[in-house]
Amino acid sequence: GAGVSQSPSNKVTEKGKDVELRCDPISGHTALYWYRQSLGQGLEFLIYFQGNSAPDKSGLPSDRFSAERTGGSVSTLTIQRTQQEDSAVYLCASSSYRLAGPEQYFGPGTRLTVT
Amino acid sequence: SQKIEQNSEALNIQEGKTATLTCNYTNYSPAYLQWYRQDPGRGPVFLLLIRENEKEKRKERLKVTFDTTLKQSLFHITASQPADSATYLCALESGGGATNKLIFGTGTLLAVQP
């Protein structure tokens, strides 16, 4: 596709349930990032994948959060046993230094609401 | 501790004037700094990048400066238009140039009045 896509666009879940958020990066982009944005706040870094290197998980807020990137393309962010404080917009971005420099291209986000 | 600060208050200016947004940081040595625009309900969109060895960068009505001594970047929009109204985010490369990992500021909301 032409840009980064994310699904679902909105997710409402009950506290304690697990959720999976999906990101399809721009084709050929080797780097993929997940961020979280709470209402009125800036972007909070969660995790960063670069090619075949081990991901940088330093921003994950707890062990309930995990992410994987299969085949160097699609990524899934999983939140287990969701809590109300997990409610936020989850944004995915991709980049390719070789193709386009270090700027990041963002998807539209998934708005997660935990009730 | 590491910190990135942007104008915490919304910036209201009149159409045609120059908007100036500030990004200050502490305890970082970024290889570059980026500015993004974010509209409500959308992901951020890249605008400009400036490297540590550059003082100024321009693109159409946009200008960015980067002072690594002051640890500050200024973002200017000249001849502002109501369509420029959005939240503007600054972001620092936080890996010393080895990664493309960005740390974002909280953003400044710009409102351009017609």
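Chain naming here is simple, since letters A, B, ... match the order of the sequence lines and numbering starts at 1 in each.
- Using a 4.5 Å cut-off between heavy atoms, A/E44 makes no contact with chain B at all.
- Residue A/E85 places its CD atom among more than 12 non-hydrogen atoms of other residues, nucleotides or ligands, all under 6.0 Å distant.
- No part of B/Q6 comes within reach of chain A, as not one of its non-hydrogen atoms sits under 4.5 angstrom from that chain.
- For A/S58, the part sitting under 4.5 Å from any heavy atom of chain B is the side chain, from C-beta outward, and nothing else.
- Follow the hydrophobic side-chain contacts under 4.5 Å out from A/Y105 and you never reach A/I47; the two are in separate clusters.
- For B/Q34 and A/Q104, the side-chain atoms include no donor-acceptor pair closer than 3.5 Å.
- Looking at B/L109, there are no atoms closer than 4.5 Å to chain A (heavy atoms on both sides), in backbone or side chain.
- Rounded to the nearest 0.5 Å, atoms CZ (A/F106) and OH (B/Y36) are 5.5 Å apart.
- Linking Ile, Leu, Val, Met, Phe, Trp and Tyr whenever their side-chain heavy atoms come within less than 4.5 Å puts B/I50 and B/Y25 in one cluster.
- No single ILVMFWY cluster, assembled from side-chain heavy atoms under 4.5 Å apart, contains both B/V45 and A/V4.
- The heavy-atom pair separating B/K101 from A/F45 by the smallest distance is CE-CE2, 3.4 Å.
- The nearest pair of heavy atoms linking A/P102 to B/Y32 is CB-OH, 3.3 Å.
- Hydrophobic clustering of Ile, Leu, Val, Met, Phe, Trp and Tyr side chains at less than 4.5 Å, counting indirect connections, keeps B/F104 apart from A/Y90.
- For A/E14, the CD atom counts as loosely surrounded, since its 6.0 Å shell holds 12 or fewer non-hydrogen atoms of other residues, nucleotides or ligands.
- Using a 4.5 Å cut-off between heavy atoms, A/L43 touches chain B through backbone and side chain atoms alike.
- Note: the hydrophobic cluster containing A/L91 does not contain A/L60 (ILVMFWY, side chain heavy atoms under 4.5 Å, direct or indirect links).
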